[in-house]
Amino acid sequence: MEKYKKNLPEIEFGISEFLSAFIPANSACLITCQNALDHSSTPVKGIVEALSVLSLGGILYLNHHPNEAELERYKGFHQYNISEEEGDFILWNKTEHINITNLLKGYAHVSTVRMDNGHIVSIITKTSENPPAQLSKYINDKQDKGNLCKCIMEYQFSNCLYSQLKHSISYSIFNIIQCFTQMLPWEYKMKLKELIGQK
C-alpha cells in the first residue's frame, strides 16, 4: 500500500478461531483465508468468528485445496478436509461431516465452486446480524481461554534447549523442502504427496 500510495485499511493477520478477540464485531468488510482453514483446530469456529466480525454484507473469501487431510493421511495440521458437494461447502474428517452452507442458512449466503485447477472457492456473504442458535456452541469464551492456557503451558514445558534446537533444525529442513515443492506445478505436487503417502 505504501508503494502504490493506496489509502486503504491495513491488512491484519489473525488466528481464525479467535478473530473476535482482536477485531471489533461488525467492523470488517473482507476476510480472506487461502489454504489455511483446514489447518486450524476448529475450522467451523473460524468461520463463525469471521462472520461475527464482518459487517452486514461483508465477505469471507475461502480458497483451498480439496481434501488435504485425506491426502496427508491426517498428519500434523491436516485434520479436516474441505470439499464441494452439489454447490454446498463441506468440512469433513473421519468423525464429522458438516454442511457449512446449511449450517449458515439465515445468517450468511454461501456460494461454492470447484475451480478448473481443483481448488474449492467459497464466498460467504453475511446477510444477518443475528447468528442462528445452532452456532452458539462454537462461541465459548471460557473454553477458548482454557484451550489457550493449555497450549501455552504445553509450549512452556517443551521449551528446553534440546526441544528448541530440535524444532529449529526440523523447521529449517521443512522450509527448504517447502521452498522446492512450491516451484513444482500443482499436478506434480499431488503426485509427490500420493507417492509419499503410499510409503
Chemist: Hey, can you tell me if H39 and F77 have their rings parallel, tilted or perpendicular (30° and 60° cut-offs)?
Modeler: parallel
Chemist: P24: what forms a side chain to side chain contact (heavy atoms under 4.5 Å, CB included) with it, not counting sequence neighbours?
Modeler: S27
Chemist: Are I59 and L62 in one and the same hydrophobic cluster, where Ile, Leu, Val, Met, Phe, Trp and Tyr link if side-chain heavy atoms are under 4.5 Å apart?
Modeler: no
Chemist: Tell me whether L60 is reachable from L135 by hopping between hydrophobic residues (I, L, V, M, F, W, Y) whose side-chain heavy atoms are closer than 4.5 Å.
Modeler: yes
Chemist: Under 6.0 Å from the NE2 atom of H78, do we count more than 12 heavy atoms belonging to anything else shown?
Modeler: yes
Chemist: Nearest 0.5 Å, what's the OG1-CG distance between T127 and L51?
Modeler: 9.0 Å
Chemist: Measure from the side-chain N and O atoms of K126 to the backbone N and O of L56, and report whether any donor-acceptor pair falls under 3.5 Å.
Modeler: no
Chemist: List the atom of P66, the atom of I120, and the distance in Å for their closest heavy-atom pair.
Modeler: CB-CG1, 4.0 Å
Chemist: Which heavy atom of S83 sits nearest to which heavy atom of N67, and what is that distance?
Modeler: CB-OD1, 3.6 Å
Chemist: Please identify which of these residues, H65, R114, E84, meets the side-chain hydrogen bond (donor to acceptor under 3.5 Å, both in side chains) condition with H119.
Modeler: H65
Chemist: Would you check if the side chain of N99 reaches a backbone N or O of N102 as a donor-acceptor pair within less than 3.5 Å?
Modeler: yes
Chemist: Does N81 reach the main-chain N or O of W92 with its side chain, forming a donor-acceptor pair under 3.5 Å?
Modeler: yes
Chemist: Please round to the nearest 0.5 Å and tell me the distance separating atom CG of L103 and atom CD1 of I98.
Modeler: 7.5 Å
Chemist: Considering non-hydrogen atoms only, spot the tightest contact between F18 and F22 and give its length.
Modeler: O-CD1, 3.2 Å
Chemist: Are Y80 and V121 connected into the same hydrophobic cluster when the rule is that any two of I, L, V, M, F, W, Y join if their side-chain heavy atoms are below 4.5 Å apart?
Modeler: no
Chemist: When rounded to the nearest 0.5 angstrom, what distance separates CD in E86 from OG1 in T101?
Modeler: 11.0 Å
Chemist: Please evaluate residues F89 and L104 with respect to the criterion side-chain contact (heavy atoms from CB on, under 4.5 Å), reporting the C-alpha separation (whole Å), side-chain torsions for both, the decisive distance (0.1 Å), and the verdict.
Modeler: CA-CA 10 Å; F89 180 60; L104 298 178; over 6 Å; no
Chemist: Looking at T125 and G57, would you say the former's side chain and the latter's main chain have a donor-acceptor pair under 3.5 Å?
Modeler: no
Chemist: Cluster question for you: counting only ILVMFWY and a side-chain heavy-atom cut-off of under 4.5 Å, with indirect links fine, are L37 and I90 together?
Modeler: no
Chemist: Quick check: does any side chain N or O of N93 sit under 3.5 Å from a backbone N or O of Q79, one acting as donor and the other as acceptor?
Modeler: yes
Chemist: Between E96 and L91 (side chain of the first, backbone of the second, donor and acceptor by atom type, cut-off under 3.5 Å), is there such a pair?
Modeler: no
Chemist: Please answer whether the main-chain N or O of T42 pairs with a side-chain N or O of E17 as donor and acceptor at a distance below 3.5 Å.
Modeler: yes
Chemist: Which atoms form the tightest heavy-atom contact between L30 and L54, and what is the distance?
Modeler: N-CD2, 3.9 Å
Chemist: Under 3.5 Å, side chain of E49 to main-chain N/O of S16, donor-acceptor pair present?
Modeler: no
Chemist: Kindly say whether A28 contributes a backbone atom to a donor-acceptor pair with the side chain of S55 at under 3.5 angstrom?
Modeler: yes
Chemist: Please report the C-alpha distance between S122 and H64 in whole Å, then the side-chain angles of each, then the deciding distance to 0.1 Å, and finally whether the side-chain contact (heavy atoms from CB on, under 4.5 Å) criterion is met.
Modeler: CA-CA 9 Å; S122 191; H64 290 79; over 6 Å; no
Chemist: What are the two closest heavy atoms between S136 and A133, and how far apart are they?
Modeler: OG-O, 2.8 Å
Chemist: Determine, using the 4.5 Å side-chain heavy-atom cutoff (strictly less than), whether V113 and I123 are members of one ILVMFWY cluster.
Modeler: yes
